[in-house]
Amino acid sequence: MLTTTLEALTVYDPRGALRQSVTPTAPRVAALAGLRLGVLDNSKWNANKLLRGSLASLKAQHEFAAVNYYVKHSFSKDAAPELIQQIAGECDIVLTAIGDCGSCCSCCVRDGIALEQLGVPSAVIITTEFLRETRLTRAAIGMPGLQPVVIDHPISSITDAEMQARVAQVVAQAQQVWLGTVAA
Amino acid sequence: MRIVNPGFGLVPAGAEQATEGKVDWLNDPIVLFGNSKPNARELLEGVKAKLAGIRRTDNIDFIAKNSASQGAPPEMINDTAKKYRIALLALGD
Amino acid sequence: MSDSADTEILDIADLDQEAWQDYAIEQGWSDGLPLVMPTEASVARMVAAAHGDNEGFAAISPRQVVPTMASLAANAVMAGAKPAYFPTILAGLRGILDPSYNLHGSMATTHSCAPMVMINGPLRQALGVNCSSNCFGQGWRANAGIGRAIQLILLNVGGGKPGVMDRSTQGSPAKYAFCFGENEEESPWLPFHVRRGFAPEDSVVTVMSGEAPHNINDHGSTSAEGLMTTFAHTIAQPGANTVYGKGPYMVVVGPEHAATFHRDGWGVDKLRDELWLRARIPLKHISEENLATYVATGHKPTGDFLTICRGPEDIHISMAGGPGKHSAFIPSFGGTAVVSTRVKLPSAGA
């Protein structure tokens with residue numbers, strides 16, 4: 001058998017140097033009653049069903065001052081800066097969905113972070129399969145503290161009964177995200 | 001330094017060649033062998049028309065295999081070889 | 001390039017990394033990417049890994065020379081393959097050399113086909129073959145090394161030089177490496193190789209001369225019936241070689257689509273039967289000139305449609321990929337076959 005002695009070598013790190021700034025999330029709210037709730041629908045299959053179901057349940061539990069529904073028409077792209085500005089001006093908290101595939105998950109997380117940077121606590125709904133991608137994205141953009149709402153995968157091919165179970169997951173977790181009662 | 005040649009290989013024993021024999025270019029049967037490519041038949045038929053000026057054409061036949069991207073079936077090759085002395089194949093474009 | 005088929009060992013000047021890459025590319029040995037140097041020692045380690053496989057090989061088209069174990073191993077070394085991959089590479093090559101695969105035709109063609117390599121059985125895990133997310137893509141040494149080694153063998157021993165004997169009009173990224181594993185663990189169906197008569201514990205390599213995978217995106221359908229509408233119409237296209245109707249094709253179903261088919265009771269046979277009946281090209285999608293040629297060469301319409309294979313047995317279904325609503329259609333070169341070969345491992349004997 002051939003034996004070799006490994007010499008110590010210095011090599012360049014092909015990943016480059018990381019320069020990241022960490023931005024904190026927006027301050028959490030103390031209560032949900034009296035707030036203006038914004039819903040950002042990314043137009044993915046069943047996002048509408050999931051969000052409408054969640055809204056109905058949330059409205060039954062809390063007296064919101066207003067509920068505003070927004071739709072972005074390309075789920076594989078970030079929401080336009082003007083839309084983010086508009087939502088931040090018109091809402092105190094935001095619920096957005098759905099990150100159940102690669103590009104839509106990445107974009108939902110980026111939209112949520114953009115809103116948080118403007119001071120709006122945002123609950124970003126993703127599915128279990130895309131949790132790792134969410135963690136990497138939020139770290140890369142510099143907001144590792146963003147807490148997503150994680151519901152079961154998949155979303156687009158499920159029955160109405162399965163959708164109701166997903167809605168229950170959203171409602172429970174979204175409130176914790178806005179109130180800051182979720183463990184980091 | 002020494003390396004192993006990634007292109008190295010052995011040349012297989014050569015295939016048997018057809019026995020030589022005198023071909024009668026004016027009278028021996030000819031097969032025009034098409035491969036189903038567009039215009040293969042048209043090209044071969046054109047050759048037959050030209051040949052009419054210099055030799056008999058009643059024993060010049062057109063046949064075709066049905067897949068241009070595969071070799072003809074061995075039976076087809078054998079039957080054709082038995083029946084004809086001269087072959088013209090098309091089309092390798 | 002000079003044809004140096006007559007010398008198994010080459011004595012070359014001492015070369016550093018950069019000089020070696022320049023030399024190897026000048027010889028025409030590369031796919032364009034750097035190559036690992038096939039030293040006698042590294043080739044010997046590769047050959048030793050294939051001691052279970054003692055059968056000779058047929059001459060490789062188009063150059064028609066018979067490879068030796070060392071020359072095949074040299075290509076595997078250059079591709080960056082580990083010795084453990086070598087028996088799998090050889091099994092893939094045996095499939096490619098089966099006459100029904102039609103190597104000479106698929107190498108010389110202007111079509112963009114590449115050897116598709118699919119791996120089944122326990123070796124997938126042992127070698128780290130990716131069967132899940134991004135299974136057709138980059139990032140796994142086994143997929144890249146096995147696929148690239150087969151390509152380099154066809155280039156260097158086979159002589160399929162791009163632009164010379166490989167006359168592909170445009171080529172394809174799949175020609176660098178096209179190797180994936182079936183996601184047997186998440187499949188609702190029997191593994192592909194078991195359906196073809198191999199034992200579950202066999203490791204099997206399946207090859208087909210095919211195009212790069214064509215995506216089938218369906219996020220909205222929630223039923224097998226709905227998915228089949230998307231599958232059939234994605235597959236029934238007039239611009240793939242399947243239009244000639246004389247060869248096989250593969251459908252690699254993603255796990256979420258497979259789960260929906262399975263939930264609705266659709267097995268592999270049902271999928272094949274439905275695709276045979278529904279994945280047909282409407283005549284209005286086919287130009288008059290083309291149709292005239294197809295009819296003249298024995299491929300006649302069935303009603304208002306043109307079939308794209310000879311029957312359900314030409315439709316090959318496997319399951320691979322990770323989460324998401326995507327599947328893939330892999331049209332074949334046409335004049336080729338789907339060939340499966342068991343990997344011979346040293347422990348199992350010859």
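Every heavy atom of this structure was used, including side-chain atoms; hydrogens, water molecules and symmetry mates were not. Convention: sequence-line order gives letters A, B, ...; per-chain numbering from 1. Everything numeric in this text was worked out from a predicted model, so none of it was measured.
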### Task
Could you pull out the closest heavy-atom pair between A74(C) and P6(B), with the gap in Å?
CB-CA, 4.0 Å
### Query
Roughly how far apart are K246(C) NZ and Q70(B) CD, rounded to 0.5 Å?
9.0 Å
### Query
Contact part of A59(C) toward chain B, heavy-atom cut-off under 4.5 Å: side chain, backbone, both or neither?
side chain
### Task
Evaluate whether atom OH of Y84(B) has more than 12 neighbouring non-hydrogen atoms of other residues, nucleotides or ligands under 6.0 angstrom away.
yes
### Message
Take a 6.0 Å sphere around NZ of K82(C) and say whether it holds more than 12 heavy atoms from other residues, nucleotides or ligands.
### Response
no
### Query
Is any side-chain heavy atom of I9(C) less than 4.5 Å from a side-chain heavy atom of I3(B)?
no
### Message
Between R63(C) (side chain only) and G7(B) (backbone N and O only), is there a donor and an acceptor less than 3.5 Å apart?
### Response
yes
### Query
Could you state the interatomic distance from OG1 (T297(C)) to NZ (K37(B)), rounded to the nearest 0.5 Å?
11.5 Å
### Message
Between T110(C), V66(C), T39(C), who has the most heavy-atom pairs with chain B when the cutoff is under 4.5 Å?
### Response
V66(C)
#### Entry: Distance in Å, M1(B) CE paired with E40(C) CD, rounded so as to fall on 0.5 Å steps
11.0 Å
### D14(C) versus chain B, the contacting section by heavy-atom distance below 4.5 Å
both
#### Entry: Sidechain-backbone polar pair: N5(B) side chain, L10(C) backbone, donor-acceptor under 3.5 Å
no
### Message
Which heavy atom of F8(B) sits nearest to which heavy atom of V157(C), and what is that distance?
### Response
O-CG1, 4.2 Å
### Message
Is it true that, when you exclude Q17(C) itself, more than 12 heavy atoms of the residues, nucleotides or ligands shown sit nearer than 6.0 Å to its CD?
### Response
no
### Query
So which of L15(C), T109(C), T336(C) has the largest heavy-atom pair count under 4.5 angstrom toward chain B?
L15(C)
### Query
Is F62(B) atom CZ crowded by more than 12 heavy atoms from other residues, nucleotides or ligands, each under 6.0 Å away?
yes
### Task
Identify the heavy atoms of S69(B) and F333(C) that sit nearest to each other, and give their distance.
CB-CZ, 3.3 Å
